[in-house]
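Notes follow the structure.
What you see below is based on every heavy atom in this structure, not just the backbone, and it leaves out hydrogens, waters and symmetry mates. Residue numbers begin at 1 in each chain, while the letters A, B, ... track the order of the sequences.
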There are 2 protein chains.
Amino acid sequence: MFSKATEYALRATIYIAQRSSDENKPGMAEIAKAIDSPQSFTAKILQLLTRNNRIVSSVRGPNGGFFLTDKAKKLPVRSILEAMGEDEVLEKCVLGLKQCSEAKPCPMHTNYKLIKGQLIDLFETKSIQSLADEFENGGAKLNNRIK
Amino acid sequence: MFSKATEYALRATIYIAQRSSDENKPGMAEIAKAIDSPQSFTAKILQLLTRNNRIVSSVRGPNGGFFLTDKAKKLPVRSILEAMGEDEVLEKCVLGLKQCSEAKPCPMHTNYKLIKGQLIDLFETKSIQSLADEFENGGAKLNNRIK
DNA sequence: ATAATTAAGGACAAATTTATCCTTAATTAT
DNA sequence: ATAATTAAGGATAAATTTGTCCTTAATTAT
């Protein structure tokens, strides 16, 4: 559904949201290991997310790392997609037609409409914080390891 | 959601399903024009779909072209995804985790589960024929042209 | 039979995505 | 102040996807 870059962005952001505090800010090595992603590539992605501190914030130097402000934690998950320039996936026509709309529907349009609405609602309603909570308390995983 | 190749595959198959008959088999030039896709690339894709006549059938020579057997028209839309090797998109974890499951859910898993079920159901229930009917009678479009 | 037409398929090219490595800049601890 | 640590950013490479072009093979019409 999403590019690998966006998948890493989602996993990294959720991880950072749950693990960061004033005393502790996970660094690149820790994050990449925790979410099963290539470190350097993930670093590039976090650079996108830290632009203007839109989603993620960072500090350099010893004990530096990444964190989310309380404000950022309340952002909808969709904002991560937006920062990655991939939010249009939610609205996109299944057949890839630019002109597809209620007025000019593709053959899948009416069938897919309801699902699309739920998908948009999910990404706009769920906050980054709520997913971090699932990770912390719900036993949810962010990597592919067995144990 | 899907690759361009799969989008073209879906559009082309629906078009062929609706336009082909014993007397008339659309050719590559007509198909590519009708669905707004690059002709040579679409030709490659139709080669995949015609392998073993799984989805699409073809005849070469004058008045040749592509068509769907009645049996093929009854196939679920999902079979097109399968022929393109892209059906796992339907089952895939939103965060891209291979191990994501009911037992080891990612933070999005429970939220996305219902939507995923509907998506799978849509692609498994809808037949190629039913989409061709939408194209024929429902005024549905397969290209990006204004009029 | 021959020529015309059309899909099949191979080779290759362009564009995009994914990924790595190395240097620079900022910050902190000593 | 200095050295150590860590993110930022540039350059580049590998892999994949998207796309084109040309030749071959099959089929049909004449």
Side-chain angles (χ1 to χ4, degrees), chain A residues 1-13 15-16 19-20 22-33 35-68 83-86 88-89 96, chain B residues 1-13 15-16 19-20 22-33 35-68 83-86 88-89 96:
Chain A
M1 161 159 266
F2 300 117
S3 66
K4 288 196 177 188
T6 293
E7 290 172 355
Y8 299 153
L10 290 164
R11 305 218 293 269
T13 304
Y15 180 80
I16 297 165
R19 287 306 178 88
S20 64
D22 287 341
E23 312 86 55
N24 189 27
K25 295 172 187 49
M28 273 315 310
E30 176 186 340
I31 295 167
K33 194 164 290 185
I35 68 170
D36 267 353
S37 71
Q39 179 170 338
S40 295
F41 188 44
T42 309
K44 291 282 182 223
I45 291 160
L46 285 182
Q47 282 172 32
L48 293 176
L49 299 178
T50 51
R51 290 279 159 77
N52 310 115
N53 292 336
R54 289 254 331 275
I55 313 285
V56 177
S57 305
S58 66
V59 283
R60 300 200 246 197
N63 298 316
F66 298 87
F67 65 100
L68 262 75
M84 296 298 295
E86 211 166 335
E88 80 289 342
V89 172
Chain B
M1 161 158 266
F2 300 117
S3 66
K4 289 197 177 189
T6 293
E7 290 172 355
Y8 299 152
L10 291 165
R11 306 218 294 267
T13 304
Y15 180 81
I16 296 165
R19 287 306 178 88
S20 64
D22 287 341
E23 310 87 54
N24 188 27
K25 296 173 186 50
M28 273 317 309
E30 176 186 341
I31 295 166
K33 194 163 288 186
I35 68 170
D36 268 353
S37 71
Q39 180 171 336
S40 295
F41 189 43
T42 309
K44 292 281 182 225
I45 292 160
L46 285 182
Q47 281 171 33
L48 293 177
L49 298 179
T50 51
R51 289 281 159 75
N52 311 115
N53 291 336
R54 289 256 329 278
I55 314 285
V56 177
S57 305
S58 66
V59 283
R60 300 199 245 199
N63 299 316
F66 298 86
F67 66 100
L68 262 75
M84 296 299 295
E86 211 166 336
E88 81 289 342
V89 172

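Listed nucleotides C:dG10, C:dT27, C:dA8 differ in distance to A:Pro62; the shortest reach to its side chain belongs to C:dT27. Considering only the side chain of B:Asn63, D:dA29 comes nearest among C:dG9, C:dT20, D:dA29. For B:Ala5, counting side-chain heavy atoms from C-beta on, the closest listed nucleotide (C:dT20, D:dA8, D:dT18) is D:dT18.
Applying the 4.0 Å criterion to OP1 and OP2 of C:dT6, one finds that B:Ser58 has every side-chain N and O outside that range. Distances shorter than 4.0 Å separate some side-chain N or O of A:Tyr8 from OP1 or OP2 on C:dA19.
Distance B:Met28 CE to D:dG19 C1': 13 Å, rounded to the nearest Å. A straight line from CZ of A:Arg51 to C1' of D:dG9 spans 8 Å, rounded to a whole angstrom. For the pair A:Gln47 CD and C:dA25 C1', the interatomic distance rounds to 12 Å; values are reported in whole Å. A straight line from CZ of B:Arg60 to P of D:dA29 spans 17 Å, rounded to a whole angstrom. Here the P atom of nucleotide C:dA19 and the CD1 atom of A:Ile45 are 8 Å apart, to the nearest Å. One interatomic measurement links the two molecules: NZ of A:Lys44 to C1' of C:dT24, which rounds to 12 Å at whole-angstrom precision. The NZ-P distance, from A:Lys4 to D:dT17, rounds to 9 Å in whole Å. For B:Phe66 and C:dA8, the CZ to C1' distance is 9 Å, given to the nearest whole Å.
Inter-residue side-chain proximity for B:Arg11 and B:Asp36 is flagged as met; some heavy-atom pair is nearer than 4.5 Å.
With a cut-off of 3.5 Å on both Watson-Crick or G-U wobble distances, the partner of C:dT27 is given as D:dA4. C:dC21 is paired with D:dG10 under the Watson-Crick or G-U wobble criterion, all donor-acceptor distances under 3.5 Å.
Comparing A:Gly64 and A:Phe41 against DNA chain C, the residue whose closest nucleotide sits nearer the 5' end is A:Phe41. Heavy-atom distances to DNA chain C give each of B:Leu46 and A:Gly61 a nearest nucleotide, and the one nearer the 5′ end belongs to B:Leu46.
Checked by atom type, the side-chain pair A:Thr50/A:Ser58 shows no donor-acceptor distance below 3.5 Å.
Side-chain atoms of B:Thr6 do not come within 3.5 Å of backbone N or O of B:Phe2 as any donor-acceptor pair.
In this structure, A:Ser3 reaches the sugar-phosphate backbone alone: every heavy-atom distance under 4.0 Å involves primed, P, OP1 or OP2 atoms, never a base.
A cation-pi contact links B:Lys25 to B:Phe67, judged by a cut-off of 6.0 Å to the six-membered ring centre and 45° from its axis.
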Side chain to side chain contact (heavy atoms under 4.5 Å, CB included), that's the test. Do B:Met84 and B:Ile45 meet it? Break it down for me.
CA-CA 8 Å; B:Met84 296 299 295; B:Ile45 292 160; 3.9 Å; yes
